[in-house]
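Data block below; observations after.
One-based numbering, in listed order, for ligands and for the atoms of each.
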Amino acid sequence: MNQVIQADVCIVGAGPAGAMLGLLLAKQSDLEVVVLEQHQAFSREFRGESISQGSVVILNELDILDDLKKHGFLQVEGLEMYDQGDKIFSVNFHEFPYEQKFIIDLPQPVLIGAILDKAGEYPNFHLKMGATGVELIEQHGQIKGAVYREKSGELVTVNSSVVVDASGRYTRIREMAGIPAKIEHFKRDAVWFRVPRPEGWESATRIKVDGHQHLIILPTYPDQLRVGINIAKGAYQEFRKQDISVFYDTVCRLEPQLDGIVQQHIQSWKDTVLLDIFTAEVSQWSRDGLVLIGDSAHTVSPILGQGVNLAIQDAYELAPVILDYLALNPESVIPQEAFQSFQARRQEHVGFIQAFQADQEKELMAESDEDMMKRRMKMQMLNQSPMKVELATKMAYGIIRENLIHVH
Ligand SMILES: Cc1cc2nc3c(=O)[nH]c(=O)nc-3n(C[C@H](O)[C@H](O)[C@H](O)COP(=O)(O)OP(=O)(O)OC[C@H]3O[C@@H](n4cnc5c(N)ncnc54)[C@H](O)[C@@H]3O)c2cc1C
């Protein structure tokens, strides 16, 4: 017989979404919150490291920003886009009208560690590391908990009022719940690598475009750049058969400032990582007793690094729904209707991000001279438009901006 644990909330996955939700629930109530994480540690590579302004506001509210300051992070102060070396678009984050103006960049394990440390201050928060969610408990169409497998192989049952699937882009929980997702593979993947940041490099994200190729260059804590280059979907193995000098040539044509650095620090394909780019759209994020958040509900593309931001803001929006329902109806299964307005609110913002990213990807793929010219003109017009800061503010702060006070 499985060991059995009684809880109010069982969260599967301690990424940014699951860890943040666990903290918010444990802090604001005496609900018993169990968080399952399949890994024993958080040493992850090449995950979202950029935390957008809206999430920085939340981290500040929860006193986590001060802990992150003690560790150290990089402040990203703008975004610039270049076409064949000409700057065609830029956003200066100093112009944002709120107190937290900048993206912060730091390794994801540090962020998650800080959130979980804070959550660990509450006796009703229970983190289970090395615990893989393997089954949902279903009775009469309602989800009543989950079963996890410990590293020893032992199975443990968690009975709960709600299971939150925060298990990321490769979620199996969503499938177990029978919730369909529309998976759309982008026509291109990205190859990522890291190099030291050259002396005097500005603290801004750079997008360098030439024809249908582009680099995304992200200043990264403490003194690096994370660089992504697009390749055709599924072409990584073919790409790796080429001499590495072809890769150097492409990178340096797009960003001449990396000449010398990329050759010195990327000595073989092993120093690169593939990111398979796909999006997942889910039309129903919940069932009786279960709700999805973060990548599991909406995998987005890495364009403008919004994955972590959306995950944290989902948690922030979902916490009061769970708290309110269980305050009035303790120990009962949370019905699907209770999650509808949460989903509608989040979907509106996620839809905006997904549409913007799809549009950007289409622009970046422009092949013909005419399309490239149109792209250049479109970005230059947007650069002059008063809509620019408004659009960038919506992207950076998400719906959190509705609660913020203008500082100028
Ligand atoms: C290679 C890569 C590069 C990325 N680069 C960027 C970027 O540059 N910028 C950006 O904003 N975003 C990036 N992302 C996306 C970003 O990391 C995610 O959007 C964000 O982490 C989503 O948070 P989440 O909490 O929903 O999911 P995740 O961060 O994926 O967390 C899910 C957690 O659930 C755990 N888990 C999974 N299944 C189970 C299970 N059955 N039982 C228990 N635990 C389970 C996982 O181990 C993981 O810890 C990248 C993602 C990947 C994979």
State whether the shortest distance between N or O atoms of [X] and N or O atoms of ligand 1 falls below 3.5 angstrom.
X      : answer
Gly294 : no
Ala17  : yes
Ser296 : no
Glu37  : yes
Trp192 : no

Which of the numbered atoms in ligand 1 are below 4.0 angstrom from a heavy atom of [X]?
X      : value
Ala131 : 42 (N), 43 (C)
Asp295 : 18 (C), 19 (O), 22 (C), 26 (O)
Leu36  : 43 (C), 44 (N)
Ala166 : 32 (C), 33 (C), 34 (O)
Ser167 : 32 (C), 34 (O), 36 (N), 37 (C), 38 (N), 39 (C)
Gln306 : 11 (O)
His39  : 47 (O)
Gly15  : 25 (O), 29 (O), 31 (O), 33 (C)

Taking all heavy atoms of Leu59 and all of Met20, pick out the closest pair and write down the distance.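 Smallest interatomic distance, heavy atoms only, reads CD2-CE, 3.8 Å.
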Ignoring hydrogens, what is the shortest heavy-atom contact between Phe339 and Val321? Give both atom names and the distance.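 For Phe339 versus Val321, the nearest heavy atoms are CD2-CG1, 4.1 Å.
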Would you verify whether the NZ or CZ of Lys101 falls within 45 degrees of the ring axis of Phe96 while also being under 6.0 Å from that six-membered ring's centre?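 No, Lys101 does not sit over the ring of Phe96.
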Among Gly133, Gly307, Gly18, which residue places a heavy atom closest to atom 42 (N) of ligand 1?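 Of the listed residues, Gly133 has the closest heavy atom.
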Nearest candidate to atom 8 (O) of ligand 1, where distance is taken over non-hydrogen atoms, out of Arg226, Arg172, Glu49: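 Looking at heavy atoms only, Arg226 sits closest to atom 8 (O) of ligand 1.
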Do [Y] and [X] meet the salt-bridge criterion of a basic N to acidic O distance under 4.0 Å?
X      : Y      : answer
Asp314 : Arg346 : yes
Asp271 : Arg194 : no
Lys87  : Glu80  : yes
Lys187 : Glu361 : no
Arg172 : Glu175 : no

Out of Gln284, Arg287, Gln343, which one pairs with Gln336 under the side-chain hydrogen bond (donor to acceptor under 3.5 Å, both in side chains) rule?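 Passing option: Gln284.
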What part of [X], side chain from CB on, backbone N/CA/C/O, both or neither, has a heavy atom under 4.0 Å from ligand 1?
X      : result
Gln108 : side chain
Ala19  : neither
Val12  : side chain
Gln38  : both

What pairs with Lys118 under salt bridge (Lys or Arg N to Asp or Glu O under 4.0 Å), at least two apart in sequence or on another chain?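 Partners of Lys118 by the salt bridge (Lys or Arg N to Asp or Glu O under 4.0 Å) criterion, ordered by chain and then number, come out as Asp67.
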Of all residues at least two apart in sequence or in a different chain, which pass the salt bridge (Lys or Arg N to Asp or Glu O under 4.0 Å) check with Glu367?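 By the salt bridge (Lys or Arg N to Asp or Glu O under 4.0 Å) rule, Glu367 matches no residue at all.
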Distance from Tyr98 atom OH to Thr393 atom OG1, nearest 0.5 Å?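 Tyr98 OH to Thr393 OG1: 6.5 Å, rounded to 0.5 Å.
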What do you reckon, does Pro302 put a non-hydrogen atom under 4.0 Å from ligand 1?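 Per 4.0 Å heavy-atom rule, Pro302 does not contact ligand 1.
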Close approach of Gly228 to ligand 1, heavy atoms, under 4.0 angstrom: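 Contact absent.
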Do Glu363 and Met379 have side chains that get closer than 4.5 Å, going by heavy atoms?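 Side-chain contact under 4.5 Å: no.
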